[in-house]
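Working notes for the structure below.
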Amino acid sequence: MKTIGIIGGGQLGLMIVEQAQILGAKTICLDPASDAPAFKICDEQIIAKFDDERALEELCQRSNVVTYEFENIPGDLLISLEKKYNIKQGFRPLFDSQDRVREKNNARTNGLPTADFAEVHDMESLIEGVKKIGYPCVFKTRTLGYDGHGQVVLKSEDDIAKAASFLPIPAILEEFIPFDFEASVVMVSDGEQIINFPIGRNIHTDGILDLCIVPAPISETLRKKIETLSKDFMRKCGYKGILTIEFFVKGDEIYFNEMAPRPHNSGHYTIEGCNTNQFMELCRFLLDMELQEPRLLSPTIMKNILGQDLESAEEIAEEKLPNVHVHIYGKTVSKPKRKMGHITFTEMEIAEYEQKWRSRFFQK
Ligand SMILES: Nc1ncnc2c1ncn2[C@@H]1O[C@H](COP(=O)(O)OP(=O)(O)O)[C@@H](O)[C@H]1O
Ligand SMILES: [Mg+2]
């Protein structure tokens, strides 16, 4: 029996463990929080910080193969570990995604268009950047951003002070794309074959994913364009394992926004919406098994459950309706903007969701 080591024990780790168990693998998770969701069901735990070199090495020693669900592992640590142990995805895709400037340069080099952008690190470069890009534009910290944290939209000179309050942190200034919608694609590569899950449309509220609607409302031509460019990108970069790319879609144009070399929130719908799911295919890759081509089983909608919706989600779970799949991650502390669970509605189109379900959740 093989053991999969997972750096990170959050909800993504939890769902990796669930699928690893179905495939008969053991799991060991490393996380600094003793109440991390994945610890409840994984076989073994290591409670340690993500920069604890000895603990990371211990995880590698006790595993046959190692993956990560947490993105901000210090680079130098993984680089030395991947020489000695089977960290099958390697450090490269993580490194390329850890800095927004590096990430966007890499996307462009490998065939994916991005919004115009400029590097910013002080007041002078901020003003230069605004001059080059124009209003509206988006200021983001280069590293450690998630769920819209560390971002400011600049609409006029009046907003410069808001962005300047973050300085002198390394940052990026991006052209604001007035997109029609956002879409993402989750892929898994074993180095030869690349599979992809059906493209979803993502709706964010306050910078946090709220809904994922599948299939995304795109033409066959645009679907093929996104899939082909994304797979070519993965091949050119030489990435293996799982990769999610987020795009802005405007007419027939697409703009790479960001990528994540781990299972993605927008791919949670695959658990019930597809014949196989993102966590399962990641595990199949890690366990040297052949990948399976994903197929959408029915129109599906995934609704994220933040702290403010936890009670409603628990009530909905009690109703035990067919086609309504409630996942609660078991986090001990609930906060308004914290991801506490998600609900997947299968055989559901957006009109029916709006009519029957929308009012059950917190409205902004
Ligand atoms: N250049 C942009 N133009 C328009 N909207 C943007 C732009 N950058 C970010 N956004 C909006 O903010 C959200 C969060 O930004 P993102 O770069 O994905 O950071 P995070 O790491 O927080 O997910 C995006 O999903 C999108 O809705
Ligand atoms: Mg994002």
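Ligands are counted one by one from 1 in listed order, and the atoms in each one are counted from 1 as well. What's counted below: heavy atoms across the whole structure, side chains too, no hydrogens, waters or symmetry copies.
Protein N/O/S atoms closer than 2.8 Å to the Mg ion (ligand 2): Glu246 OE1, Glu258 OE2.
Contact atoms of ligand 1 toward Gly145: 21 (O) (distance under 4.0 Å to a heavy atom of the residue). Counting atoms of ligand 1 from 1 in the listed order, those under 4.0 Å from a heavy atom of Glu174 are 1 (N), 8 (N). Within ligand 1, counting atoms from 1 as listed, the ones closer than 4.0 Å to a heavy atom of Glu246 are 18 (O).
The list of side chain to side chain donor-acceptor pair (under 3.5 Å) pairs with a residue in residues 212-222, not counting sequence neighbours, reads Glu220-Arg223.
The number of heavy atoms from other shown groups lying within 6.0 Å of CD (Glu293) is above 12. Around CD of Gln292, the count of heavy atoms belonging to other residues, nucleotides or ligands within 6.0 Å exceeds 12. Annotation for Lys132: atom NZ counts as buried by contact number, over 12 foreign heavy atoms lying within 6.0 Å. Within a 6.0 Å sphere centred on OH of Tyr146, heavy atoms belonging to other residues, nucleotides or ligands number 12 at most. Applying the 6.0 Å contact sphere to NZ of Lys40 captures more than 12 heavy atoms from other residues, nucleotides or ligands. Taking a 6.0 Å sphere around CD of Glu349, one finds it holds 12 or fewer heavy atoms contributed by other residues, nucleotides or ligands.
Residues Ile271 and Phe279 meet the side-chain proximity criterion, which asks for heavy atoms closer than 4.5 Å. Looking at heavy atoms from C-beta onward, Ser156 lies out of side-chain contact with Leu154 at the 4.5 angstrom threshold.
Counting heavy atoms closer than 4.0 Å to ligand 1, residue Asn257 contributes side-chain atoms (C-beta onward) but none from N, CA, C or O. With a 4.0 Å heavy-atom cut-off, ligand 1 is reached by the backbone of Tyr146 but not by any atom from C-beta on. Residue contacts with ligand 1 for Lys140 involve side-chain atoms from C-beta outward but no N, CA, C or O (heavy atoms, distance under 4.0 Å).
Cys60 and Leu81 make their closest contact through SG-CD1, 4.2 Å (heavy atoms, listed as atom of the first residue, atom of the second, distance).
Protein heavy atom nearest atom 27 (O) of ligand 1, with residue, atom name and distance: Glu182 OE2, 2.5 Å. The protein heavy-atom contact nearest to atom 3 (N) of ligand 1 is Ile177 N, 2.9 Å. Here the protein heavy atom with the shortest distance to atom 6 (C) of ligand 1 is Phe248 CZ, 3.5 Å. For atom 1 (N) of ligand 1, the closest non-hydrogen atom of the protein is Glu175 O, 2.9 Å. Among protein heavy atoms, atom 5 (N) of ligand 1 sits closest to Phe179 CE2, 3.4 Å. Scanning all protein heavy atoms for the shortest distance to atom 20 (P) of ligand 1 gives Glu258 OE2, 3.4 Å.
Backbone and side-chain nitrogen or oxygen atoms of Gly148 are examined, and one is located within less than 3.5 angstrom of a nitrogen or oxygen of ligand 1.
Ion pair Glu58/Arg62 flagged as a salt bridge, since at least one NZ, NE, NH1 or NH2 atom sits closer than 4.0 Å to an Asp/Glu carboxylate oxygen.
Distances from atom 21 (O) of ligand 1 to the heavy atoms of His149, Gln151, Arg100 put Arg100 nearest.
Donor-acceptor pairing under 3.5 Å is recorded for the side chains of Glu182 and His204.
Contact annotation for atom 11 (C) of ligand 1: protein absent (non-hydrogen atoms, distance under 4.0 Å).
Taking the six-membered ring wherever Trp is involved, the centroid distance between the rings of Phe248 and Tyr255 does not fall below 6.0 Å.
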